[in-house]
*Asks:* 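Below is the structure I would like to discuss, written out as structure tokens.
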Amino acid sequence: MTNECFASLEDYRSLARTRLPAAVFDYVDCGACDEVSTRRNRSDFDDLALRPLVLRNVSEPCLAAQVLGWQFPQPLGIAPMAFHRLVHSDGEIATARAANRLNLPMIVSCMSSIPIEDIAAESPHTHLWLQTYIFKNKDVTRELVRRAEEAGYEAIVLTTGCPAPGKRDKNIRNAFALPEGVHAANFQPRNVVVHNNPIHSVEGADLDPSATWRDVEWLRRQTQLPILLKGIMNPNDALQALSLDVSGIIVSNHGGRQLDTTESTICALPDIAAAVGGRLPLLIDSGFRRGTDILKAIALGADTVLVGRPVLWALALGGESGVVAALKLLGDEFRLAMQLAGCDSLSAIRRAASDILRSRAMLRK
Ligand SMILES: Cc1cc2nc3c(=O)[nH]c(=O)nc-3n(C[C@H](O)[C@H](O)[C@H](O)COP(=O)(O)O)c2cc1C
């Protein structure tokens with residue numbers, strides 16, 4: 001199958017399923033428990049109906065997005081994901097180079113399968129942000145942040161909403177274990193295999209379930225880099241974030257891989273946007289597969305959308321150029337969705353939001 005044959009991101013998933021070992025495909029694809037959150041992340045987009053505007057001169061739509069002072073050609077970025085080498089031997093370096101070719105930001109997981117320094121060295125012009133957790137041993141978090149600063153990373157993304165590993169039934173059934181040669185390259189390997197989630201087979205990298213907002217203040221004191229909080233689903237937490245010196249919020253249920261049966265992120269977004277009131281950049285991920293999904297998120301107050309699993313499907317199938325092609329496909333769909341909805345910029349989408357977007361649940365009332 002050549003790149004031209006991929007009509008949608010779902011096509012990458014279908015082919016990746018036939019190419020990857022089943023347990024690896026499931027590790028990437030699965031959500032927690034019954035995967036209700038993961039499905040909802042997709043199905044709730046369908047409940048938002050578009051009412052296009054016509055005859056609006058959309059000959060040259062401008063997709064440019066501003067985030068944290070940087071301008072990106074599209075409101076798109078790569079979500080943090082562990083172990084890219086599970087699906088392709090070039091791992092995170094290929095993904096970072098793809099991000100660079102498109103001039104989009106990539107969030108590197110602290111559970112990367114290539115050391116964060118090597119990713120930065122091999123793709124020096126990529127906008128790289130480091131994702132980390134509050135670990136039980138704070139020195140582990142502090143050291144990762146220090147290494148990221150030294151390697152030229154531009155921001156720190158603190159993942160919240162993971163006080164303990166989510167339960168992944170598929171990984172348990174598959175007795176999933178990282179294959180020989182793939183490990184959390186920023187840490188020492190530990191001799192324990194935890195099938196549920198390999199992130200938790202890393203020496204000294206235990207998540208701290210006692211973490212609180214005070215730890216965000218602590219992290220703030222450790223670095224000058226901008227800090228974004230990933231995993232915000234509740235407007236109360238968005239308000240807490242506002243009271244601290246953070247630079248952005250990522251609305252995320254981690255692709256439905258942590259708590260099952262949560263709201264979808266597209267559903268959570270409007271209340272969070274209302275609470276934040278434009279005072280912080282809002283990023284969002286979980287379930288974004290179509291250009292119209294991005295259009296809806298921008299209309300509901302997001303500044304940028306992050307993509308997770310499709311990047312790994314594309315990496316598995318085509319390495320660096322696979323990722324470029326998949327993200328380009330999504331970006332092209334977004335451009336077309338803007339034109340067909342009658343919007344020629346992100347601000348035009350926001351201005352027209354109440355006109356072009358209807359919730360089907362609302363229509364049924
Ligand atoms: C294989 C895989 C590994 C992930 N690893 C991490 C991680 O290390 N840290 C993190 O904050 N989120 C992680 N996530 C969650 C993603 O950052 C993101 O929230 C999610 O994948 C977005 O949903 P999508 O895959 O439907 O686009 C991971 C997701 C996948 C699929």
Side-chain angles (χ1 to χ4, degrees), residues 9-10 12-13 16 20 23-32 35 37-45 76-88 91-92 95 105-113 116 129-135 141 144 156-163 165-166 168 170-171 176 178 182 184-187 196-202 205 207 228-233 249-259 262 264-266 268 283-290 293-294 297 304-316 323 326-327 330:
L9 293 185
E10 192 58 32
Y12 284 86
R13 177 174 183 264
L20 288 170
V24 170
F25 177 82
D26 280 350
Y27 166 71
V28 171
D29 200 58
C30 73
E35 307 186 330
S37 301
T38 305
R39 282 194 299 280
R40 235 176 231 162
N41 281 334
R42 290 289 315 127
S43 60
D44 280 356
F45 282 115
L76 266 181
I78 299 177
M81 287 176 291
F83 310 124
H84 291 205
R85 290 193 64 244
L86 260 180
V87 301
H88 193 283
E92 287 83 0
T95 317
M106 169 180 173
I107 308 177
V108 175
S109 167
C110 60
M111 296 297 161
S112 57
S113 50
I116 59 171
W129 307 347
L130 176 79
Q131 174 268 326
T132 185
Y133 300 94
I134 299 290
F135 292 107
T141 308
L144 278 165
I156 301 296
V157 171
L158 179 67
T159 290
T160 62
C162 299
R168 316 266 170 80
K170 281 186 179 146
N171 291 346
F176 179 66
L178 290 176
V182 179
N186 301 306
F187 300 87
N196 177 45
N197 190 334
I199 284 182
H200 306 288
S201 51
V202 172
L207 300 173
L228 295 102
L229 294 185
K230 173 173 186 268
I232 302 296
M233 287 293 287
I249 286 176
I250 305 177
V251 179
S252 174
N253 59 20
H254 314 294
R257 292 163 75 87
Q258 283 297 118
L259 177 65
T262 64
S264 64
T265 56
I266 197 67
L283 293 78
I284 184 169
D285 72 17
S286 300
F288 286 81
R289 304 289 181 266
R290 286 289 190 185
D293 302 339
I294 305 175
T304 282
V305 164
L306 303 173
V307 184
R309 295 174 182 89
V311 169
L312 293 185
W313 302 330
L315 181 66
V323 176
L327 290 176
L330 183 61

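Counting from 1, the numbers follow the sequence of the chain as shown. In each ligand, atom 1 is the first atom listed, and ligand 1 is the first ligand listed.
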*Asks:* Is there a polar contact, in the sense of an N or O pair closer than 3.5 Å, between A82 and ligand 1?
*Replies:* yes
*Asks:* Between R289 (side chain) and V307 (backbone), is there a donor-acceptor pair under 3.5 Å?
*Replies:*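 No; judged by distance alone, with no hydrogens or angles, the pair does not exist.
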*Asks:* Is the closest side-chain donor-acceptor distance between T262 and N253 under 3.5 Å?
*Replies:*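 Short answer, yes.
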*Asks:* With the threshold set at under 4.0 angstrom, would you say Y27 reaches ligand 1 through any of its heavy atoms?
*Replies:*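 Contact check Y27 vs ligand 1: positive.
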*Asks:* So how far is it from I284 CD1 to M233 CE, rounded to the nearest 0.5 Å?
*Replies:*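 Going from the CD1 atom of I284 to the CE atom of M233 covers 8.0 Å.
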*Asks:* Fit a plane to each ring of Y27 and F176, take the angle between them on a 0 to 90° scale, and name the class: parallel (under 30°), tilted (30 to 60°) or perpendicular (over 60°).
*Replies:* parallel
*Asks:* Are N41 and ligand 1 in contact, using a heavy-atom cut-off of under 4.0 Å?
*Replies:* no
*Asks:* Hey, what do you get for NE2 (H88) to OG (S113), rounding to the nearest 0.5 Å?
*Replies:*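 With rounding to 0.5 Å, NE2 (H88) is 12.0 Å from OG (S113).
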*Asks:* R309 heavy atoms, cut-off 4.0 Å: which ligand 1 atoms fall inside?
*Replies:* 23 (O), 24 (P), 25 (O), 26 (O), 27 (O), 31 (C)
*Asks:* If we only count N/O pairs under 3.5 Å, is G308 in contact with ligand 1?
*Replies:* yes
*Asks:* Going by the atom numbers of ligand 1, which of them fall below 4.0 Å from some non-hydrogen atom of S109?
*Replies:*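 Atoms satisfying the 4.0 Å criterion: 7 (C), 8 (O).
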*Asks:* As an exercise, identify every atom of ligand 1 less than 4.0 angstrom from a heavy atom of L312.
*Replies:* 1 (C)
*Asks:* Taking side-chain contact (heavy atoms from CB on, under 4.5 Å) as the criterion, tell me which of V157, I156, I107, N186 meets it with L130.
*Replies:* I156
*Asks:* Using a strict 4.0 Å cut-off to heavy atoms of G287, name the atoms of ligand 1 that fall inside it.
*Replies:* 23 (O), 24 (P), 26 (O), 27 (O)
*Asks:* Side chain or backbone, does R257 bring an N or O within less than 3.5 Å of an N or O on ligand 1?
*Replies:*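 Between R257 and ligand 1 (N or O atoms, distance only) the closest approach is not under 3.5 Å.
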*Asks:* Taking both backbone and side-chain atoms of T159, is any N or O found less than 3.5 Å from an N or O belonging to ligand 1?
*Replies:*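 Yes; at least one N/O pair falls below 3.5 Å.
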*Asks:* Judged by atom type as modelled, is there a donor-acceptor pair below 3.5 Å linking the side chain of T141 to the main-chain atoms of F135?
*Replies:* yes
*Asks:* Need the ligand 1 atom indices (1-based, order shown) with element for anything under 4.0 Å from a heavy-atom of S252.
*Replies:*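 Counting from 1, the qualifying ligand atoms are 19 (O).
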*Asks:* Is there a donor-acceptor pair under 3.5 Å between the side chain of R290 and the backbone N or O of L9?
*Replies:* no
*Asks:* Going by the atom numbers of ligand 1, which of them fall below 4.0 Å from some non-hydrogen atom of Y133?
*Replies:* 7 (C), 8 (O), 9 (N), 10 (C)
*Asks:* When rounded to the nearest 0.5 angstrom, what is the spacing between CD1 in I78 and OG in S109?
*Replies:* 13.0 Å
*Asks:* Counting heavy atoms only, which of H84, M81, M111 is nearest atom 28 (C) of ligand 1?
*Replies:*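 Looking at heavy atoms only, the winner is M81.
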